[in-house]
Amino acid sequence: GLGFDILWGKIHQQFGTGGSGSNGQILFEDSKFGLGLNAGLLLKFSDTSRMGIKYRSPIDLYFKDAPTVTNTPAIPTLPTIGMDMTVPQELSIGLFFETSKTLSLLLGFGWQNWEEFGEFSLQSNGTEVTALNANLENTWNVSLGIIFDTSETEKLSFGLAYDSSAVEDANRTVILP
């Protein structure tokens, strides 16, 4: 199968200026639509076993705004700021095995490209002023499930999953916990 993602992203960053008692603020906000692709394939090896593969493409968003400055005379205006952001691509594989009339096993594997999501580029008036790196790592996951048919109308399922972390403890921040 083939499909499309239409993603609406919004950024709303508000910063206080000045010290205690000051109500000055800088506001950066924008929203954008991004387009991505989904592709999937189901392979049936027999009546009792099959494999599914799914890919989701990255989606690029570019936010741009001239920040609004209020109640801060020392900062009358700011230049237009742009920020690139990429929603990660991912790949998933699932396996299904019916081992008997009452028992089925499921296995799943996945990978997500968070490394690219953690790299931000900021531009001012069209010129790159800084590149930020959140030091994110690509993640992977694995899962195992069991389905037990207790009757023709009821099933009992159980599963376990492990997901790796995109952030090492040393790189964890309040911005991206």
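Computed from a predicted model, the values in this text were never measured in an experiment. Scope of the values below: all heavy atoms of this structure, side chains included, with no hydrogens, waters or symmetry mates. The first residue of the sequence shown is numbered 1, and numbering continues consecutively from there.
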>> If I compare all heavy atoms of Phe63 with all of Ser31, which pair ends up nearest, and what's the gap?
In response: CE2-CA, 4.2 Å
> Has the side chain of Asp163 got a donor or acceptor atom that lies under 3.5 Å from a matching backbone atom of Asn141?
Replying inline: no
> Got a second to check how far Ser57's OG is from Asn113's CG, nearest 0.5 Å?
Replying inline: 11.5 Å
> With a 4.5 Å limit on heavy-atom distance, are the side chains of Leu95 and Leu106 in contact?
Replying inline: no
>> Minimum heavy-atom separation for Ser164 and Tyr162, please, with both atom names.
In response: N-CE2, 3.7 Å
> Between OG1 of Thr70 and CG of Leu27, what distance do you get to the nearest 0.5 Å?
Replying inline: 8.0 Å
> Do Glu90 and Lys54 come close enough that some side-chain heavy atom pair is under 4.5 Å?
Replying inline: yes
> Are any side-chain N or O atoms of Thr139 and backbone N or O atoms of Ala166, one a donor and one an acceptor, separated by less than 3.5 Å?
Replying inline: no
> Quick one: are Thr99 and Thr48 in side-chain contact, heavy atoms under 4.5 Å?
Replying inline: no
> Are Met83 and Tyr62 linked, directly or through other ILVMFWY residues, by side chains that come within less than 4.5 angstrom of each other?
Replying inline: no
> Would Phe4 and Val87 show up in the same hydrophobic cluster when neighbours are defined by side-chain heavy atoms closer than 4.5 Å?
Replying inline: no
>> Is there a continuous path of hydrophobic side-chain contacts, each under 4.5 Å between heavy atoms, that joins Ile147 to Phe45?
In response: no
> Where do Thr150 and Phe148 land on the side-chain contact (heavy atoms from CB on, under 4.5 Å) test, with the steps shown first?
Replying inline: CA-CA 6 Å; Thr150 57; Phe148 183 70; 3.6 Å; yes
>> Just so I know, are the side chains of Leu35 and Ile6 near enough to count as touching, which here means a heavy-atom distance under 4.5 Å?
In response: yes
>> Testing the basics here: between Pro79 and Pro67, what is the closest heavy-atom pair and its distance to 0.1 Å?
In response: O-CD, 3.3 Å
>> Quick check for you: to the nearest 0.5 Å, what is the distance between Ile59 atom CD1 and Leu37 atom CG?
In response: 9.5 Å
>> Count I, L, V, M, F, W, Y as connected when their side-chain heavy atoms are under 4.5 Å apart, and connections chain through other members. Are Leu144 and Trp111 then in the same cluster?
In response: yes
> Rounded to the nearest 0.5 Å, how far apart are CD1 of Ile81 and NZ of Lys64?
Replying inline: 12.0 Å
>> Quick one, Trp114 and Glu137 - any side-chain contact, counting heavy atoms below 4.5 Å?
In response: no
> Are Leu156 and Phe158 close enough, and set up right, to give a side-chain contact (heavy atoms from CB on, under 4.5 Å), and what steps lead you there?
Replying inline: CA-CA 7 Å; Leu156 178 65; Phe158 174 79; over 6 Å; no
>> I want to check something: taking the side chain as every heavy atom from C-beta on, are Met51 and Ile53 in contact at a cut-off of under 4.5 Å?
In response: yes
> Can you tell me how far CZ of Phe109 sits from OG of Ser92, rounded to the nearest 0.5 angstrom?
Replying inline: 11.5 Å
>> Is any side-chain heavy atom of Leu42 closer than 4.5 Å to one of Arg50?
In response: yes
>> Is there a path of hydrophobic side-chain contacts, each under 4.5 Å between heavy atoms of I/L/V/M/F/W/Y residues, joining Phe96 to Leu103?
In response: no
> Going by distance alone, is a donor N or O of one side chain under 3.5 Å from an acceptor N or O of the other, for Asp60 and Thr86?
Replying inline: yes
> Say you draw a straight line from CG of Asp5 to CZ of Arg56; how long is it, rounded to the nearest 0.5 Å?
Replying inline: 6.0 Å
>> Determine whether a donor-acceptor pair (N or O, by modelled atom type, separation under 3.5 Å) exists between the side chain of Asp65 and the backbone of Phe28.
In response: no
> Taking side chain as C-beta onward, heavy atoms only, is Leu136 less than 4.5 Å from Glu115?
Replying inline: no
